Amino acid sequence: MGFNIILLGPPGAGKGTQAKLLIKRYRIPQISTGDILRTAVKEQTRSGVRAKEFMDKGALVPDDLVIEIIKDRLSMPDSTAGFILDGFPRTVAQADALAIMLKSDDKSIDHVISITVDNEELVQRVIGRLTCRGCGRGYHLRFDPPVEKGVCNACGSELYQRDDDKEETMRARLLTYESQTAPLIQYYSTLGLLRPVDGLGSIHDINESLAQVLER
Ligand code: ADP
Ligand code: ADP
Ligand code: ZN
């Protein structure tokens with residue numbers, strides 16, 4: 001079995017946290033459309049300017065924009081041994097586009113890990129989330145605090161609270177997830193690729209469950 005992996009789950013499920021642990025374990029890259037978009041917003045590139053209004057509302061950025069980002073990213077040479085898609089695909093149109101892209105390279109998805117957590121826990125996680133400006137690693141004020149307040153353990157950069165991690169925007173993102181992304185659970189289940197994982201529990205224990213699923 002290969003290591004072309006999708007991490008699927010609502011905002012706050014732990015996709016980014018688990019991706020960071022898996023990339024160390026398997027030495028494959030994490031490809032996060034959220035991270036790439038936030039960098040584009042910060043740098044005020046043309047796609048960044050276009051994406052910002054959607055992100056601020058808790059809506060999805062248009063498919064064509066993210067599909068283009070993924071096409072560019074997957075064409076880089078570091079993903080030949082595998083990759084972890086974190087936050088992509090998020091619509092059926094994106095999933096279809098991904099399948100076509102991979103097929104033209106003689107590749108396919110091996111596992112879709114679907115991480116489930118109840119909505120109230122998701123809100124608590126997201127409103128307490130701190131994100132590293134340097135490497136994008138997530139922390140939590142209470143559940144996973146950094147060793148030194150406000151500073152990333154991994155790279156020493158400053159931690160900040162994302163604009164869209166306010167409770168109101170988070171509630172909008174949960175609705176967006178339900179209507180546009182949750183249908184992918186059925187989509188990948190039909191293809192026999194879905195690997196459901198319970199996202200409640202310690203970060204370490206969940207990582208062990210993921211590794212078990214991937215190495216089965
Ligand atoms: P996602 O990428 O799915 O949006 P993150 O990995 O950024 O989610 O996690 C969201 C927040 O929850 C972060 O603040 C993170 O530190 C925290 N978190 C992640 N996994 C757990 C867990 N198993 N238990 C408690 N908090 C967690
Ligand atoms: P989270 O895991 O907490 O939901 P992300 O960092 O993955 O957050 O995404 C942040 C925002 O970036 C999303 O709310 C959405 O506006 C945009 N975004 C990220 N990935 C995609 C995608 N695949 N399609 C459309 N919009 C996306
Ligand atoms: Zn960092």
Side-chain angles (χ1 to χ4, degrees), residues 6-22 30-41 47-48 50-70 73 84-95 97-98 113-117 121-146 148 150-165 169-170 172-177 180-181 184 197-210:
I6 292 173
L7 291 185
L8 183 63
K15 302 181 297 296
T17 302
Q18 294 301 328
K20 291 273 186 280
L21 295 172
L22 294 174
Q30 170 192 12
I31 301 179
S32 157
T33 39
D35 286 350
I36 295 170
L37 288 166
R38 275 185 291 281
T39 302
V41 169
S47 26
R50 190 169 160 222
K52 187 177 185 313
E53 57 171 310
F54 298 95
M55 297 170 78
D56 285 348
K57 281 188 301 203
L60 293 183
V61 167
D63 287 332
D64 66 311
L65 201 160
V66 275
I67 289 168
E68 211 43 51
I69 286 175
I70 286 293
R73 185 61 188 83
I84 298 171
L85 289 173
D86 160 13
F88 180 95
R90 261 174 151 98
T91 64
V92 169
Q94 291 177 21
L98 175 67
I113 295 180
S114 160
I115 309 178
T116 48
V117 174
E121 167 80 9
L122 292 172
V123 171
Q124 291 314 308
R125 286 187 185 184
V126 164
I127 63 180
R129 170 160 59 187
L130 299 170
T131 302
C132 174
R133 277 198 203 285
C135 69
R137 203 195 124 163
Y139 293 86
H140 192 281
L141 281 169
R142 286 184 292 138
F143 307 149
D144 187 20
E148 190 186 335
V151 180
C152 177
N153 299 349
C155 78
S157 302
E158 180 201 10
L159 305 182
Y160 75 107
Q161 189 185 22
R162 278 168 46 181
D163 285 340
D164 60 346
D165 278 350
T169 317
M170 172 54 180
R173 287 157 63 202
L174 285 174
L175 295 176
T176 301
Y177 173 81
Q180 301 192 63
T181 308
L184 292 179
V197 168
D198 182 357
L200 271 190
S202 80
I203 291 171
H204 172 268
D205 289 351
I206 293 166
N207 194 249
E208 291 305 313
S209 321
L210 296 195

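None of these values were measured; they are calculated from a predicted model. Just so you know, ligand 1 is whichever comes first in the structure, and atom 1 is the first atom listed for that ligand.
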- Message: I need the atoms of ligand 1 closer than 4.0 Å to a non-hydrogen atom of F143, numbered in the order shown.
- Response: 25 (C), 26 (N)
- Task: May I ask you to list the atoms of ligand 1 that are less than 4.0 angstrom from any heavy atom of I206?
- Result: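 The list of qualifying atoms is 23 (N).
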Determine whether a donor-acceptor pair (N or O, by modelled atom type, separation under 3.5 Å) exists between the side chain of [X] and the backbone of [Y].
{"X": "Y139", "Y": "V151", "result": "no"}
{"X": "T169", "Y": "D165", "result": "no"}
{"X": "E121", "Y": "V117", "result": "no"}

- Message: For the residue pair T91 / D63, report whether a side-chain donor-acceptor contact shorter than 3.5 Å exists.
- Response: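 Result is yes, a qualifying pair exists.
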- Message: Considering both backbone and side-chain atoms of T17, is one of its nitrogen or oxygen atoms within less than 3.5 Å of a nitrogen or oxygen in ligand 1?
- Response: yes
- Message: Side chain or backbone, does G201 bring an N or O within less than 3.5 Å of an N or O on ligand 1?
- Response: yes
- To the nearest 0.5 Å, how far apart are NE2 in H140 and CZ in R125?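 Here the rounded value is 8.5 Å.
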- Message: Rounded at 0.5 Å granularity, tell me how far CG in L21 sits from CD in E208.
- Response: 9.5 Å
Do [X] and [Y] come within less than 4.5 Å of each other through their side chains, counting heavy atoms only?
{"X": "L98", "Y": "L85", "answer": "yes"}
{"X": "T131", "Y": "Y160", "answer": "yes"}
{"X": "V123", "Y": "L174", "answer": "yes"}

- Do other residues, nucleotides or ligands put more than 12 heavy atoms under 6.0 Å from D163 CG?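 No, CG of D163 has 12 or fewer neighbouring heavy atoms, counting only those of other groups under 6.0 Å.
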- Could you grab the protein N, O or S atoms closer than 2.8 Å to the Zn ion (ligand 3) for me? C132 SG, C135 SG, C152 SG, C155 SG
- Please name the residue in the list R173, Q94, R90 that meets the side-chain contact (heavy atoms from CB on, under 4.5 Å) test with T181.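 With T181 as partner, side-chain contact (heavy atoms from CB on, under 4.5 Å) holds for just one option, R90.
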- Task: Select all protein residues for which some heavy-atom-to-ligand 2 distance is less than 4.0 Å, and list them by chain and number.
- Result: P11, K15, T33, G34, L37, R38, M55, A59, L60, V61, V66, G87, F88, R90, Q94, R129, R162, D164, R173
